[in-house]
Amino acid sequence: TGIGRDIAVRVAQDGAVIAIIGINVKRMEKVGAEVTALGRKVTTSRADVGNREGVQAAVDHTAATLGRFDVMVNNAGIALVGPIADVSPEDVNRILHINLQGVLWGIQVAAEKFKALGCKGKIINASSIAGHDGFAMLGVYSATKFAVRGLTQAAAKEYASHGITVNAYCPGIVGTDMWVEIDRRFSDLTGVPLGATYKKYADGIALGRPETPEDVAALVS
């Protein structure tokens, strides 16, 4: 959904064949149908990105099914809204599993496959504006996105000699389901009206509007 969906569609429009990895089969099939309608080949793999074996199987499937593998976009992520004082061990384990381990395993597995195929591939990771500035009520989420920046910079240096580039995109306020949930949680926690938090942050954007998933997909493209 959201940014991931628009990246898949935009890159398909650019001429790529597409592999979609996720846990929601119906959503993947819906996006796959959009890619097919563009005349591009597509395959899907159900996998938990925080599980290295699942990512490995998905990448192996992609290379075997599509006949090539030369770009990896590590986009999956979740938010955690609430004061630092209320964060539980379960909360931390879940968000690290997806936001940090998901990117780490994606980098590892993609780079191994690129090298095995003799491909000078590209790895593109999802960080965030919260990976540049820590946000109140988004402390652990911010920490995971700072971590993605660190992983990206380190990986870029480690894999450069193999011709593999590693970069990250850092979206700001984007009109997606994630921001609907963030806005709702802020409302529950602080008592502000629904929509007020989203408007507060969107009003500070120089263009006078929030980003769209298409904006982010264009940068990735």
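Of the possible donor and acceptor atoms, one in the side chain of T152 sits under 3.5 Å from a partner among the backbone N and O of V148. Of the possible polar contacts, none joining the K41 side chain to the A19 backbone as a donor-acceptor pair under 3.5 Å is found. With hydrogens and angles disregarded, a donor-acceptor distance shorter than 3.5 Å links the side chain of D183 to the backbone of G195. Although no hydrogens or angles enter the test, the distance criterion places no donor-acceptor pair under 3.5 Å between the side chain of R10 and the main chain of A217.
Aromatic ring centres of Y159 and F114 lie farther apart than the 6.0 Å criterion allows.
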Kindly determine whether K122 and D70 satisfy side chain to side chain contact (heavy atoms under 4.5 Å, CB included), including the steps that lead there. CA-CA 6 Å; K122 299 181 181 298; D70 44 18; over 6 Å; no
Taking it one step at a time, do E112 and R52 satisfy salt bridge (Lys or Arg N to Asp or Glu O under 4.0 Å)? CA-CA 13 Å; E112 287 175 6; R52 193 187 190 284; 2.9 Å; yes
Quick one: do N51 and H97 satisfy side-chain hydrogen bond (donor to acceptor under 3.5 Å, both in side chains)? Show the steps, please. CA-CA 8 Å; N51 179 286; H97 181 78; over 6 Å; no
Does Y169 form a side-chain hydrogen bond (donor to acceptor under 3.5 Å, both in side chains) with N75? I'd like the steps, not just the answer. CA-CA 9 Å; Y169 50 101; N75 179 73; 2.7 Å; yes
Using the rule given for side-chain hydrogen bond (donor to acceptor under 3.5 Å, both in side chains), can you reason through D14 versus S221, listing the C-alpha separation, both sets of side-chain angles and the distance that settles it, and then say yes or no? CA-CA 8 Å; D14 291 342; S221 170; 2.5 Å; yes
I would like to know whether R184 and L194 meet side chain to side chain contact (heavy atoms under 4.5 Å, CB included); could you show each step before the answer? CA-CA 6 Å; R184 185 190 67 77; L194 284 172; 4.2 Å; yes
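Proximity of E181 to F186: side-chain heavy atoms (C-beta onward) are nowhere separated by under 4.5 Å. Annotation: side chain of T176 is not in contact with side chain of T1 (no heavy-atom distance under 4.5 Å). Looking at heavy atoms from C-beta onward, N125 lies out of side-chain contact with L151 at the 4.5 angstrom threshold. Residues P171 and I129 form no side-chain contact, since every pair of their non-hydrogen atoms from C-beta on lies 4.5 Å or further apart.
By the 4.0 Å N-to-carboxylate-O rule, K199 lies close enough to D203 to be salt-bridged with it.
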